[in-house]
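Below is one structure, written out as structure tokens, with a few remarks after it.
Atoms within a ligand are numbered from 1 in the order they appear, just like the ligands themselves.
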Amino acid sequence: MADLRFEAAYREYESRTPRSKELWERARVWSPLGVHSNYRYLEPYPFFVHRAQGVTLWDADGNDYLDFNMGFGSLQSGHAHPKLVEALTHQLENGSVYGYEWDRTPEAAERVCRRYGMAMVRFSTTGLEATHHAIRFARAYTKKRYVLKFEGSYHGSHDTLLVGVKPRLEVAGPAQHPNSAPASPGILPEVAERTVVAPFNDLAATERIAREHADDLAAVIAEPVPMNMGFILPEEGFFPGLRSLCDRLGALLIFDEVKTGAKYPHGGAGRVGVRPDLLTLGKSIACGVPMSAIAAGPGILDEVGPRKVAHAGTYNSNPMAIAACLASLDHILTDEGLERSARLNSRLAKGYGEVFDDAGVTAHVASDGVSGTVVFADHPVRNWRDFLTVDGDRSMLYYYLCLNRGLIPSGTGPDEQWTISVQHTDADVDRHLEILGTVAERLAGTPHSGEIEESV
Ligand code: PLP
């Protein structure tokens, strides 16, 4: 990143965040890179948060930020939503984990199943656990071994699905038949090779790849609206085609709705009009409290049980998470709440287009529901190979310039998107666009880096 604008942005960032730097110097002695999730690391060092309320986040130096990251999409509620605070405070006084089922958990299970059109559900704690178990359930049910996922997509940090995640071109293989490239050392090749990788939005290539393991394909897993390579809307017919392919091959279709599940009234499945066999939820399903779910159609979870198909966890369906889930369903993830956020989202996306047009910056804005993103390219992104052609350096410059002006415009990195929570207002959208206007002028003419750098 030789661009002088980066140097200036870093210097400004450093001058605003000396306390964060101090904290980071200490943190990195005890933890790799001083963070506890690789995605949280930021050059030259990450800022540390002191507190958050509504749509504002304060760092350790006292700077405030208008937050559109919203915990990487886990806060459809915004920060410290009063209804969540009330529910969690009440629950804490009544016990945070029982080691037995809570008497309100069946209500949460029923509501989740009804909302997503599923027959049964098991709750767990993180998105990682949900997709990990969904794969196990699919393999146990079908008695088959292979899994197909889409190139670029991220489904949590576990070995089976840390394959073909944001691969660099050197390891990615042919676009029409991507390699099963492990995304981390420590993943055994014999594990990675059971996960085959296909290009998103390309039904013909997906079918060819799936057919290579026709008799041994347990599942196809996808985000119905991919939100880990920017923001990609599936093309007409892609998911109906995938549904029919799975049916013909006897493979289960898993929708990873860890992000999308709470961004549409009936999740991404409702958005694309296709019913999966298994569906995973996380993030905003309990708005800021760790909770996830693996929901399934009739019969698929019948064999889950002791000495049969394994699923267990000390914190599964703990009452804090279930209380947060019920409060989220009652007060946050309502049709009205989501519609309001969607309306603000349309305004923001339209504003992005106008600001960049006015400034003469080549940019493509994608948005739908309550989220969206900008990529610095003259074309939309329809799969990972397209994403590799967008200008990642310019995305990061935009991000730092916004940070330095008190705006977190989206999740960190060009592969992320913004989330409009129920606490954002028209005034927040106005402020976002106003800051963007001052940033856009500085983005014109930034040299294109050629290839984007992204990793887990
Ligand atoms: N699936 C998707 C689509 C995600 O975006 C993520 C996280 O960002 C996960 C799974 C993993 O969830 P968690 O970080 O809670 O393990």
* Asked: What protein heavy atom is closest to atom 16 (O) of ligand 1, reported as residue, atom name and distance in Å?
  ->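 That would be L128 N, 2.8 Å.
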* Who passes salt bridge (charged side-chain N to carboxylate O under 4.0 Å, His left out) against D368, sequence neighbours left out? ->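 In terms of salt bridge (charged side-chain N to carboxylate O under 4.0 Å, His left out), with neighbours along the sequence ignored, D368 is linked to R271.
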* To do: Please identify each residue that fulfils salt bridge (charged side-chain N to carboxylate O under 4.0 Å, His left out) with R26, with sequence neighbours left out.
  =>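 Once residues adjacent in sequence are excluded, R26 has no partner under the salt bridge (charged side-chain N to carboxylate O under 4.0 Å, His left out) criterion.
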At less than 4.0 angstrom from any non-hydrogen atom of [X], what atoms of ligand 1 do you find?
X: K259; result: 5 (O)
X: K283; result: 5 (O), 7 (C), 8 (O)
X: G127; result: 11 (C), 12 (O), 13 (P), 15 (O), 16 (O)

* **contact_flag F72 ligand 1 heavy-atom lt 4.0 Å** =>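 Not so, F72 does not reach ligand 1.
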* Below 4.0 Å from any atom of ligand 1, is there a heavy atom belonging to M227? ->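 No.
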* Kindly determine whether S328 and C325 satisfy side-chain contact (heavy atoms from CB on, under 4.5 Å), including the steps that lead there. => CA-CA 5 Å; S328 302; C325 175; 5.6 Å; no
Is there a donor-acceptor contact under 3.5 Å linking the side chains of [X] and [Y]?
X: T389; Y: R385; value: no
X: S74; Y: K259; value: no
X: E416; Y: N69; value: no

* To do: Kindly determine whether E129 and T126 satisfy side-chain hydrogen bond (donor to acceptor under 3.5 Å, both in side chains), including the steps that lead there.
  => CA-CA 5 Å; E129 287 168 80; T126 62; 3.0 Å; yes
* **Selected option - heavy-atom contact closest to atom 5 (O) of ligand 1, from L161, V225, N228, V258** =>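 Checking each option, the heavy atom nearest atom 5 (O) of ligand 1 is found in N228.
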* Where the closest heavy atom to atom 3 (C) of ligand 1 is concerned, which of D256, T126, T131 has it? ->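 Nearest option to atom 3 (C) of ligand 1, by heavy atoms: D256.
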* Sub-4.0 Å protein heavy atom next to atom 14 (O) of ligand 1 ->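 No, no protein heavy atom sits under 4.0 Å from atom 14 (O) of ligand 1.
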